[in-house]
Protein chains: 2
Amino acid sequence: MSVKILKLRDKSPKRGGDTSRRGKLTATPEEILETLRRRIAGQEIPPGAKLREQDLSAEFGVPRTRIRDVFSALESRGLIERIPNRGAVVTRLDMELVFKLYDVREVLEGLCARLATENVPPESWQDLVDHYSGPMADYLKTGDFDSYVEGYDRLRQRTITAAGNPIAAQMLDSIYERTNFVIRRIIILPGRAETGLEQHRAVLAAMRRGDGIEAERLKRLNMRSAKESLNRFRNYVL
Amino acid sequence: MSVKILKLRDKSPKRGGDTSRRGKLTATPEEILETLRRRIAGQEIPPGAKLREQDLSAEFGVPRTRIRDVFSALESRGLIERIPNRGAVVTRLDMELVFKLYDVREVLEGLCARLATENVPPESWQDLVDHYSGPMADYLKTGDFDSYVEGYDRLRQRTITAAGNPIAAQMLDSIYERTNFVIRRIIILPGRAETGLEQHRAVLAAMRRGDGIEAERLKRLNMRSAKESLNRFRNYVL
DNA sequence: GGCAACAATATTGTTGACACATTTGACGCC
DNA sequence: GGCGTCAAATGTGTCAACAATATTGTTGCC
């Protein structure tokens, strides 16, 4: 038996007690997870890039084990892949997988469109109807894609919230964070945004008159149309 | 500064090297996860039951940290809930959540029915058509529910495999493991299995003739019908 | 007995140290 | 220079000790 001598600190300081070290205060696992999710979804960390535990451990000021926990969460969401003893790399999407994600997205968004229509009073969609009949078209004319995407996100977010189905919401969230950059690239494809805008108006009109069945059908058509655009320009998107 | 002396072993034995201790060999995280999933899905561990890290650590012969990792995975799947410093308890399902799970299941199974029909030659469904036209009805007449459920699982499994969409497959899997016991209780509701059998035949007929659109429509009707049965007998199921 | 305060026990949460694997780089040889 | 071999460096995987918190048990008082 060997005997080793370890020096240990007399008092263990509380988590937030010493913020001075490294000039970076410690972060919670949730914050770290969220940060890395955003970086990967926004391709700030590009597909195929390697994530080093020590680097992140140093950056966030947390022990390496916590980074590993976050990696597990990212892996279960399909954002990274872990190879034993080799580390973690950002998942690289291929066209085939994107189509499969879109197939699932189609039925889930369709479901949410219907549930949302059934759950809230039709008048509550009026502001979005207005926004989509005027401003959104202007954004396209002036090439203000950021504002257009913002309006797109708003509609989507409102629909999911109104649907009130946390299961579907979570699943869609995991799809968005994986296809986020694809969505944005589809929008700037020639003519796509104009077509999509028309389709969104149709969906909103159905929701506005309380026709959930039709809203679901139109939403699915919209998703298929987006998928076709993606397929037509596959070489330019991925 | 205090100095503490720790005794450490000279050589660390490999994982499988010493199987004699406690008469229980060490298990991989995957095995443990699978075991606990099955226990919770089968209500071997009932809803609301508390899971103690040390107990499981001892049972599987692994360090407690590994049990905690498994807990994280179970939590992300919604099978358990963790309360800080209070431990983990098996999630208790309420009717509202079951309905929401069924809404998602409806669209996902519908999608898989369509994709499966599109992906494989129509003839490949013949054995299931045969099985559902003869033996399955016999199982119901003789009250052999186990065989009936087995035939039900087989159809479902084949459909998902043929659909070839791992995203949808994984989502459905997480729904099944949460509603597994509900599915089995619905089947034994008066008249439900007979109605369901008829609907499954219709779905299979559509798949057999290669009509994916119709297969999706019928599958969704089937799921709605099951949901209605569940609603009618809600007091007996949950 | 009822109950509040405290002590003891049990359980969960956190972390650094060590073990193991892979990659990198230096060296010698042909 | 090309290339196999070995050593050092780097990075990942595992775990048990320590800390913090919650739960249970005990005591003393009214």
Side-chain angles (χ1 to χ4, degrees), chain A residues 1-19 21-22 24-33 36 48-75 80-90, chain B residues 1-18 21-22 24-33 36 49-75 80-90:
Chain A
M1 271 297 193
S2 69
V3 174
K4 304 199 178 184
I5 298 174
L6 304 175
K7 291 178 185 172
L8 301 175
R9 58 176 183 276
D10 282 350
K11 292 280 187 180
S12 68
K14 295 258 182 182
R15 270 273 292 286
D18 178 17
T19 57
R21 66 159 165 184
R22 209 179 280 102
K24 188 95 181 178
L25 60 135
T26 59
T28 69
E30 290 75 23
E31 289 169 344
I32 300 172
L33 178 61
L36 292 182
K50 195 177 176 189
L51 298 175
R52 256 176 242 88
E53 297 178 357
Q54 285 181 330
D55 293 355
L56 296 169
S57 153
E59 177 184 350
F60 293 105
V62 298
R64 201 159 55 83
T65 42
R66 204 168 300 174
I67 298 295
R68 305 193 102 248
D69 289 345
V70 172
F71 276 14
S72 297
L74 290 172
E75 187 185 23
I80 67 173
E81 287 170 7
R82 298 179 89 176
I83 306 141
N85 293 313
R86 297 276 310 267
V89 294
V90 177
Chain B
M1 267 298 197
S2 71
V3 174
K4 302 199 181 184
I5 299 173
L6 303 176
K7 291 177 185 173
L8 302 174
R9 59 177 183 276
D10 280 352
K11 291 279 187 180
S12 68
K14 295 254 180 183
R15 269 275 290 289
D18 180 15
R21 67 161 163 182
R22 209 180 283 101
K24 189 93 181 179
L25 60 134
T26 59
T28 69
E30 289 75 22
E31 289 169 344
I32 300 172
L33 178 62
L36 291 183
K50 195 177 174 190
L51 297 175
R52 255 173 246 92
E53 296 177 359
Q54 283 182 328
D55 294 355
L56 297 169
S57 152
E59 177 184 349
F60 293 105
V62 297
R64 202 159 56 82
T65 41
R66 205 167 299 175
I67 299 296
R68 304 191 105 247
D69 289 344
V70 173
F71 276 13
S72 296
L74 290 172
E75 186 185 24
I80 67 173
E81 286 170 8
R82 299 179 88 176
I83 306 141
N85 293 313
R86 296 278 308 269
V89 294
V90 177

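Each chain gets a letter, A, B and so on, in the order the sequences are listed, and its residues count up from 1.
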Find every protein N or O atom lying less than 3.5 Å from an N or O atom of nucleotides 9-12 of chain C, and list the pairs.
residue : atom : partner : partner atom : Å
C/dT12  : OP2  : B/E53   : N            : 3.3

Practice prompt. Check step by step if side-chain contact (heavy atoms from CB on, under 4.5 Å) holds for B/D69 and B/L33.
Written response: CA-CA 9 Å; B/D69 289 344; B/L33 178 62; over 6 Å; no
Practice prompt. Carefully, step by step, assess A/I80 and A/V89 under the rule side-chain contact (heavy atoms from CB on, under 4.5 Å).
Written response: CA-CA 5 Å; A/I80 67 173; A/V89 294; over 6 Å; no
[X] [atom1] to [Y] [atom2] distance, which is reported to the nearest 0.5 Å:
X: A/L74; Y: A/E81; atom1: CG; atom2: CD; result: 12.5 Å
X: B/F71; Y: B/T65; atom1: CZ; atom2: OG1; result: 12.5 Å
X: A/E31; Y: A/L36; atom1: CD; atom2: CG; result: 12.0 Å

Item to complete: Please report, rounded to the nearest Å, how far the P atom of D/dC15 is from the CZ atom of B/F60.
Response: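 Taking atom P of D/dC15 as the reference, CZ of B/F60 is at 15 Å.
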Worksheet item: Separation of A/L56 atom CG from D/dG11 atom C1', in whole Å?
Response: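 The answer, rounded to whole Å, is 13 Å.
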Give every donor-acceptor pair under 3.5 Å between a side-chain atom in residues 49-56 of chain A and any protein atom, sequence neighbours left out.
residue : atom : partner : partner atom : Å
A/K50   : NZ   : A/R86   : O            : 3.4
A/R52   : NH1  : A/D55   : OD2          : 3.2
A/E53   : OE1  : A/R64   : NH1          : 2.6
A/E53   : OE1  : A/R68   : NE           : 3.4
A/E53   : OE2  : A/R68   : NE           : 3.1

Item to complete: Would you please say whether a donor-acceptor pair under 3.5 Å links the side chains of A/R82 and A/S72?
Response: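 Yes, side-chain donor-acceptor contact under 3.5 Å.
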Item to complete: Keeping the roles fixed (side chain from A/S57, backbone from A/P63), state whether a donor-acceptor pair exists under 3.5 Å.
Response: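 No; judged by distance alone, with no hydrogens or angles, the pair does not exist.
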Heteroatom pairs (N/O) under 3.5 angstrom, protein to nucleotides 6-9 of chain D:
none

